[in-house]
Amino acid sequence: MEKLRIAIQKSGRLSEKSMGLLKDCGISVSNGNRTLLAPGKNFPVEILYLRDDDIPGYIADGVADVGILGENVVLEKGEDISVISRLGFARCRMSLAIPRDQEYKGVQYLQGKRIATSYPRILQQFLDENNVQADIHEILGSVEIAPSIGLSGAVFDIVSTGSTLLSNGLKEVDVVMKSEAVMVKGSGLSQEKEQVLDKLLFRLNAVMKARTNRYVLLNAPDESLDEIIRIIPGMKSPTIVPLAEEGWSAVHSVISEEGFWEVIDELREAGAQGLLVIPIEKMVN
Ligand code: ATP
Ligand code: ZN
């Protein structure tokens, strides 16, 4: 069978999580010393280790079939590749920042200014959309020091916590895009490769769902069951088992990680006791 070739980052912020995701999908890689190309065990794939910036080009050229990388890089490279799944890690935003002591009233602040960035394409598009003319100065690293050395009046860069900006005397003034790791694919995969990809996506879906949901077990007096079922409808509907003690039941269900604590509060208010929350390994519908 033809192998699906998956490009992932060789070393960097995405590497471990990309490998972890593939592993959770049942794909382990027989590669201790990280050669460029390694066969996957027990699944028809090969893993190609690259710099994240090179991944879009390799996929567009058909050298790799799919890849895992930051959405920011996908957009910046502008290659003909499509996002097929959002992966929920390496979250960050692409923002404009200016010296802390400057006043920012809107994007017009940037008119005529020089802006340092490693993402000229995304920035240019944003400036065009806002009818701002500015001088984009492309640099590959340490963008955040550009204003303090007099290279530029503003920067456009990746921000996750904002502490790097802060320690360089900058403040974030506009978020241009949000980014997370995504899986991308090229066009023109063979039918056989598409079949392998379908299988991979099925697994990926099960893994992603499991990661964003929790299994809950709780005890409740029978009179509060209606309210509890309203709060946690579950995949189909919750499992309800009577306890040995008359008038009490155990409820088992699945809840989303999103708004998790609010749901727990609601459940307790409704009369739930002895709550257990358990991670889910895989979730298949
Ligand atoms: P490479 O050597 O492969 O070119 P890199 O230095 O360009 O690596 P990393 O710093 O490993 O890239 O970041 C990879 C991706 O992780 C970024 O493109 C972005 O999508 C995401 N990311 C999330 N948070 C951050 C952050 N705080 N700083 C940089 N990148 C981040
Ligand atoms: Zn890179």
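In listed order, ligands and their atoms are each counted from 1.
Listed by number with element, the atoms of ligand 1 under 4.0 Å from a non-hydrogen atom of G12 are 11 (O). Using a 4.0 Å cut-off to heavy atoms of N72, the atoms of ligand 1 that qualify are 17 (C), 18 (O), 19 (C), 20 (O). Atoms of ligand 1 lying under 4.0 Å from any heavy atom of G70, numbered from 1 in the order shown and given with element: 20 (O). Each of the atoms 18 (O) of ligand 1 lies under 4.0 Å from some heavy atom of V73.
Contact annotation for I158 and ligand 1: only side-chain heavy atoms (C-beta onward) come within less than 4.0 Å of the ligand. With a 4.0 Å heavy-atom cut-off, ligand 1 is reached by no atom of T161. Residue contacts with ligand 1, taken as heavy atom pairs separated by less than 4.0 Å, involve Q9 solely via side-chain atoms from C-beta onward.
Taking CG of L110 as the reference point, atom CD1 of I115 lies at 4.5 Å (rounded to 0.5 Å).
Here the side chain of R93 pairs no donor or acceptor atom with the backbone of K178 at under 3.5 angstrom. K171 places a side-chain N or O within donor-acceptor distance of the main-chain N or O of Q102, the cut-off being under 3.5 Å. Side-chain N or O atoms of S167 include one that pairs as donor or acceptor with a backbone N or O of S163 at under 3.5 Å. S15 contributes a side-chain N or O that, together with a main-chain N or O of Q9, makes up a donor-acceptor pair within less than 3.5 Å. R114 places a side-chain N or O within donor-acceptor distance of the main-chain N or O of L151, the cut-off being under 3.5 Å. Between the side chain of S118 and the backbone N or O of I139, at least one donor-acceptor pair lies under 3.5 Å. Distance alone, capped at 3.5 Å, is enough to place a donor-acceptor pair between the E76 side chain and the R121 backbone. Judged by distance alone, the side chain of E46 and the main-chain N or O of R5 form no donor-acceptor pair under 3.5 Å.
S160 OG, 2.8 Å is the protein heavy atom nearest to atom 27 (N) of ligand 1. The nearest heavy-atom contact from the protein to atom 24 (N) of ligand 1 is C92 CB, 3.6 Å. For atom 25 (C) of ligand 1, the closest non-hydrogen atom of the protein is R13 CD, 3.6 Å. Closest to atom 2 (O) of ligand 1, if we only count protein heavy atoms, is R51 NE, 3.5 Å.
Within a 4.0 Å radius of atom 10 (O) of ligand 1, the protein contributes one or more non-hydrogen atoms.
Applying the side chain to side chain donor-acceptor pair (under 3.5 Å) test to residues at least two apart or on different chains, the pairs with a partner in residues 255-282 are R214-E257. Judged as a ring-ring contact (aromatic ring centres under 6.0 Å, His included), the pairs with a partner in residues 75-125 (not counting sequence neighbours) are, in order, Y104-Y109.
Looking only at protein N/O/S atoms, the ones less than 2.8 Å from the Zn ion (ligand 2) make 2 in total.
Comparing D52, D54, T164 by heavy-atom distance to atom 1 (P) of ligand 1, the nearest is D52.
K185 pairs by the side-chain contact (heavy atoms from CB on, under 4.5 Å) definition with V66, S82, I84, E194, L197, not counting sequence neighbours.
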